[in-house]
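We use all heavy atoms of the structure for the numbers below, so side chains are in, but hydrogens, waters and symmetry mates are not.
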Amino acid sequence: MSLNGCLNYVQNTTIYPDGSGSMQINYWMKFSDTSSVATILTLEIFNPDSIKKEFSSKFIKIKDVTTYSDTTDSTIHANIEISFNSVDSLNTANAFAQSRFSLEDGASDQKIFSQFIPPVTTGFGIDGSKYHVTYNYDIRGDIITHNATNKSGNNLTWSYSLSEIGRGKTISVTFKPFKLKETPYWIYILAGLVLLIVIFFLLRKKKD
């Protein structure tokens with residue numbers, strides 16, 4: 001069943017230095033009257049069980065799936081929260097069958113990330129005559145190059161209308177991952193002080 005309303009899609013993703021990450025997706029559309037809300041919520045794209053099936057994979061952890069209507073602005077929403085151990089594993093979910101997630105090695109300890117944005121990004125066969133998508137990425141590393149439409153620190157944003165997507169776009173970024181946190185030096189100092197105090201009291205007790 002196709003939808004004639006305006007559908008918007010926002011994907012917020014964090015990529016950690018080891019290639020794992022988390023993702024929060026929210027898409028919504030306006031409804032013409034309150035009587036249509038119940039019908040829209042039965043559609044696959046707003047049915048929690050159908051959504052879970054689309055995003056299910058042994059490599060992906062589904063943390064939350066919620067659908068709801070907001071009468072203040074006459075919209076119906078679907079919210080999905082997932083986590084993953086590697087970016088490439090996202091390709092195993094039906095919802096991302098055409099997304100072609102990739103995280104490859106580049107030069108000088110750099111990583112090259114890319115994701116393909118197909119004309120239909122949610123995997124539910126939506127007629128996107130009025131369609132807008134936004135991809136926000138929090139990259140945990142030094143960003144070298146990118147083709148984002150907006151950049152703020154380590155946050156990159158790609159935002160397109162359907163006409164701009166055309167037959168598809170590839171978003172990409174080259175970055176040098178931050179080093180995984182090592183044990184802070186103060187931990188060793190504190191442990192040494194505790195050890196000295198213990199030895200001091202043990203020796204004092206032995207003399208007594």
Can you check side chain to side chain contact (heavy atoms under 4.5 Å, CB included) on Thr134 and Gln11, steps first, answer last?
-> CA-CA 6 Å; Thr134 301; Gln11 175 186 303; over 6 Å; no
Show the numbers, then the answer: is there a side chain to side chain contact (heavy atoms under 4.5 Å, CB included) between Ile51 and Ile62?
-> CA-CA 10 Å; Ile51 294 172; Ile62 299 177; over 6 Å; no
Ser83 vs Lys63, side chain to side chain contact (heavy atoms under 4.5 Å, CB included): CA-CA, chis, key distance, verdict = CA-CA 7 Å; Ser83 61; Lys63 302 170 68 175; 4.1 Å; yes
Worked verdict on Arg140 versus Asn154 for side chain to side chain contact (heavy atoms under 4.5 Å, CB included) = CA-CA 7 Å; Arg140 300 299 172 87; Asn154 289 88; over 6 Å; no
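Test Asn12, Asn136, Asn150 against Thr157 for side-chain hydrogen bond (donor to acceptor under 3.5 Å, both in side chains) and you get one pass: Asn136.
Separating the OG1 atom in Thr145 from the CD atom in Gln110 is a distance of 7.5 Å, to the nearest 0.5 Å. Note that CD1 of Ile82 is 14.0 Å distant from NZ of Lys52, once rounded to the nearest 0.5 Å. Here Ser152 contributes atom OG and Asp138 contributes atom CG; the two are 10.5 Å apart, rounded to the nearest 0.5 Å. Residue Ile76 holds its CD1 atom at 9.0 Å from CD1 of Ile45, rounded to the nearest 0.5 Å. Here the CZ-CG distance, from Phe59 to Asn85, works out to 9.5 Å after rounding to the nearest 0.5 Å.
A single hydrophobic cluster is seen to contain both Ile143 and Ile15, as judged by linkage of ILVMFWY side chains at heavy-atom distances under 4.5 Å, directly or through other members. Clustering ILVMFWY residues whenever any of their side-chain heavy atoms sit less than 4.5 angstrom apart, transitively, puts Phe113 in a cluster other than the one holding Ile144. The hydrophobic clustering, which links ILVMFWY residues whose side-chain heavy atoms are closer than 4.5 Å, places Val173 and Leu103 together. Cluster membership for Ile165 and Trp158, using ILVMFWY side-chain heavy atoms within less than 4.5 angstrom, is shared. Note on Leu156 and Tyr160: same hydrophobic cluster, where clusters join Ile, Leu, Val, Met, Phe, Trp and Tyr whose side-chain heavy atoms are under 4.5 Å apart, directly or indirectly.
Looking at heavy atoms from C-beta onward, Ser22 lies in side-chain contact with Tyr16 at the 4.5 angstrom threshold. The closest side-chain heavy-atom distance from Trp28 to Tyr68 is not below 4.5 Å. Residues Thr13 and Phe84 form a side-chain contact, since some pair of their non-hydrogen atoms from C-beta on lies under 4.5 Å apart. Under the 4.5 Å side-chain criterion, counting only non-hydrogen atoms from C-beta, Tyr137 is not in contact with His146. Within the 4.5 Å cutoff, no side-chain heavy atoms of Ile171 are placed close to those of Lys169. Side-chain contact between Met23 and Phe55 is absent, with no heavy atoms from C-beta onward closer than 4.5 Å. Residues Asn26 and Gln24 form a side-chain contact, since some pair of their non-hydrogen atoms from C-beta on lies under 4.5 Å apart.
The 12-atom threshold is not exceeded at NZ of Lys53, counting heavy atoms of other residues, nucleotides or ligands nearer than 6.0 Å.
In summary, the side chains of Thr72 and Asp70 do present a donor paired with an acceptor at a separation below 3.5 Å, with no hydrogens or angles considered.
Using cut-offs of 30° and 60° for the angle between ring planes, the Phe101 and Phe96 rings count as perpendicular.
A side-chain donor-acceptor contact under 3.5 Å links Lys151 to the backbone of Gly153. Remark: side-chain polar atoms of Asp64 are not paired, donor with acceptor, to backbone N or O of Ile80 under 3.5 angstrom.
Taking every heavy atom of both residues into account, Thr170 and Asn147 meet most closely at O-ND2, 2.9 Å. Taking every heavy atom of both residues into account, Ser57 and Thr92 meet most closely at OG-OG1, 2.5 Å. Of all the heavy atoms in Pro48 and Thr67, the pair that sits closest is CG-OG1, 3.8 Å. In terms of heavy atoms, Lys176 sits closest to Ser108 at CE-O, 3.9 Å. Between Gly141 and Phe175, the shortest heavy-atom distance links the atoms CA-CD1, 4.2 Å. Closest non-hydrogen pair, Ile60 versus Ser89, comes out as CD1-O, 4.0 Å.
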